[in-house]
Colleague: 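To start, I am sharing the structure in question, which I have written as structure tokens.
Scope of the values below: all heavy atoms of this structure, side chains included, with no hydrogens, waters or symmetry mates. Model, not experiment: these values are computed from the prediction.
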Number of protein chains: 2
Amino acid sequence: MTARRDPDGRREAIVRAAVETIAEVGLGQVTHRRIAARAGVPLGSTTYYFPTLDDLVAAALREGTEAARALLEDWAEALTVSPDPAATLVELAERYLADWDRALLEYELYLAAARTPRLRPVAALWTDGLRGICARFAGPARGFALAALVDGAMLQALVAGGPLEAETLRAGADALLSPRTAAGST
Amino acid sequence: MTARRDPDGRREAIVRAAVETIAEVGLGQVTHRRIAARAGVPLGSTTYYFPTLDDLVAAALREGTEAARALLEDWAEALTVSPDPAATLVELAERYLADWDRALLEYELYLAAARTPRLRPVAALWTDGLRGICARFAGPARGFALAALVDGAMLQALVAGGPLEAETLRAGADALLSPRTAAGST
DNA sequence: TCTGTACATGTACAAATGTACATCAGCGGG
DNA sequence: CCCGCTGATGTACATTTGTACATGTACAGA
């Protein structure tokens with residue numbers, strides 16, 4: 001049975017393949033041919049749906065990041081009902097990092113955004129989301145610090161090629177979430 | 001006056017050009033030709049001194065990171081004599097980030113190390129150095145958290161394309177360096 | 001059934017790239 | 001000055017890549 005036409009589905013399959021390809025080989029090694037092969041479509045399809053490779057990559061980064069950001073809603077909920085937000089935050093970060101590809105994609109996006117201003121709104125999907133959540137529990141300044149800590153701790157785990165250092169993040173979260181000033185401080 | 005032979009100097013010039021090229025265009029767009037042009041040497045020189053582009057890139061990453069790590073000794077000294085280590089740390093991070101290229105190189109290295117285990121020892125030059133210093137002031141767990149916070153805060157500044165958020169880092173450093181448990185806690 | 005439009009494909013091509021290496025140049029010692 | 005070794009150069013080449021597009025196919029409406 002020959003597949004029926006499904007332009008939307010095909011376009012999405014290409015974007016999904018691009019997400020996976022970026023995670024696997026990094027932005028610098030992404031090619032049309034790699035994406036096409038991964039999506040199981042002919043080479044010409046990638047340029048049919050996207051004018052340039054940059055456009056395809058941008059679409060992939062956006063899609064990957066939107067998926068990650070959607071997770072943050074679960075984070076917010078889990079932290080809200082948790083009797084121990086610091087411990088919960090550690091668990092959430094560990095779980096996030098368990099999907100290595102997703103984490104790599106995030107940092108690929110960060111580095112790309114550092115060089116390419118038009119990607120910054122995409123990167124902000126995650127950073128602003130995370131910061132917003134952390135600020136809800138620790139106030140603005142400490143909350144933003146907590147978000148930076150989470151990002152930094154996960155990055156360091158990636159660099160070391162190992163798991164998140166739970167005690168490190170736990171100690172930091174404890175300090176930043178300590179009841180001393182979190183709720184009422186400016 | 002024709003330049004005399006200086007193989008060591010030439011090799012270093014190539015590595016230096018590679019460092020600058022990586023910072024400028026990112027690891028994914030680094031080419032022999034770009035490095036050679038930047039170093040002001042003929043194309044063949046890059047392959048004369050380095051068997052592969054990967055070897056040249058690795059040498060550049062190492063050199064760039066060693067230079068950055070050497071700065072950490074200044075950090076240690078400044079923090080030691082400072083009456084307000086948190087404020088000093090913020091200043092040091094701000095100054096580090098003022099050299100945008102250097103900061104970009106660091107994160108390029110991080111991301112590369114996440115994918116390429118043989119680069120991890122190079123990345124560890126910075127992460128271990130920073131962690132060691134922070135641990136000296138905040139103890140192991142909180143010190144490691146502080147190091148992650150510094151890395152995360154700088155990364156977020158790069159992503160946003162703006163300056164370091166001093167208040168954020170300041171708030172985090174204050175919390176992690178608070179006298180409550182820093183000196184004696186395990 | 002025919003037709004026009006949209007979807008899809010695979011080829012072609014110019015440009016770029018890493019690498020290899022034949023050849024040339026510099027230099028020091030005899 | 002000559003020679004051999006080391007340093008240096010620029011060309012060549014096979015491969016890869018992004019992009020363009022002619023051609024073919026699918027499909028809905030008349």
Colleague: What's the CZ-P distance between A:Arg11 and C:dA6, to the nearest Å?
Modeller: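 It is 17 Å, rounded to the nearest whole Å.
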
Colleague: Look at A:His32 and D:dT17 and indicate whether a side-chain polar atom (N or O) is within less than 4.0 Å of OP1 or OP2.
Modeller: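 No, because none of the side-chain N or O atoms of A:His32 sits under 4.0 Å from OP1 or OP2 of D:dT17.
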
Colleague: Look at the aromatic rings of B:Trp126 and B:Trp75 and report parallel, tilted or perpendicular, splitting at 30° and 60°.
Modeller: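 B:Trp126 and B:Trp75: perpendicular rings.
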
Colleague: Send over the distance from B:Leu53 CG to D:dT15 C1', rounded to a whole Å.
Modeller: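 It works out to 15 Å between those atoms.
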
Colleague: Between B:Ile35 (CD1) and C:dT17 (P), how many Å, whole number?
Modeller: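 Those two atoms, CD1 and P, are 11 Å apart.
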
Colleague: Round to a whole Å and report the spacing from CZ of A:Phe50 to P of D:dA20.
Modeller: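 It works out to 16 Å between those atoms.
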
Colleague: Just the rounded figure in Å: distance from P of D:dG7 to CD1 of B:Ile14.
Modeller: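 My rounded result for the distance is 13 Å.
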
Colleague: Picking from D:dT9, D:dA20, C:dT19, which would you name as closest to the side chain of B:Pro42?
Modeller: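 In terms of side-chain proximity for B:Pro42, the closest of D:dT9, D:dA20, C:dT19 is D:dT9.
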
Colleague: If you look at every strand shown and take non-hydrogen atoms under 4.0 Å, does A:Asp8 touch a base, only sugar-phosphate, or nothing?
Modeller: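 Touches nothing.
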
Colleague: Is the distance from OP1 or OP2 of C:dT9 to the nearest side-chain N or O of A:Ser45 less than 4.0 Å?
Modeller: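 Yes.
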
Colleague: Looking at every strand, decide which applies to B:Asp6 at a 4.0 Å heavy-atom threshold: base, sugar-phosphate, or nothing.
Modeller: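 Answer is sugar-phosphate: B:Asp6 comes under 4.0 Å of backbone atoms only.
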
Colleague: Of B:Arg33 and B:Arg10, whose closest DNA chain D nucleotide lies nearer the 5' terminus?
Modeller: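 The answer here is B:Arg10.
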
Colleague: When you match A:Pro51 and B:Leu43 each to their closest nucleotide on DNA chain D, which lands nearer the 5' end?
Modeller: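 By nearest-heavy-atom nucleotide position, the 5'-most residue is B:Leu43.
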
Colleague: Using a heavy-atom cut-off of 4.0 Å across all strands, would you classify B:Thr31 as base, sugar-phosphate, or nothing?
Modeller: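 If one applies the 4.0 Å heavy-atom cut-off, B:Thr31 turns out to touch the sugar-phosphate alone, with no base involved.
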
Colleague: Does atom CD of A:Glu77 have more than 12 heavy-atom neighbours from other groups under 6.0 Å away?
Modeller: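 Not buried by this count: 12 neighbours or fewer within 6.0 Å.
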
Colleague: Is a donor-acceptor pair below 3.5 Å formed from side chain A:Arg5 to base C:dC7, judging by atom type as modelled?
Modeller: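 When only heavy-atom distances are counted, A:Arg5 does reach the base of C:dC7 through a donor-acceptor pair under 3.5 Å.
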
Colleague: Any sub-3.5 Å donor-acceptor pair from A:Arg102's side-chain atoms to A:Tyr96's backbone N or O?
Modeller: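 Here the side-chain-to-backbone pair exists.
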
Colleague: Please answer whether the main-chain N or O of B:Ala141 pairs with a side-chain N or O of A:Glu167 as donor and acceptor at a distance below 3.5 Å.
Modeller: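 Here the side-chain-to-backbone pair does not exist.
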
Colleague: Choosing from D:dT19, C:dC7, C:dT19, which nucleotide comes nearest the side chain of A:Tyr48?
Modeller: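 Comparing D:dT19, C:dC7, C:dT19 against the side chain of A:Tyr48, the answer is C:dC7.
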
Colleague: Could you tell me whether the side chain of B:Ser82 and the main chain of B:Asp84 form a donor-acceptor pair under 3.5 Å?
Modeller: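 Side chain of B:Ser82 to backbone of B:Asp84, a donor-acceptor pair under 3.5 Å: yes, one is there.
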
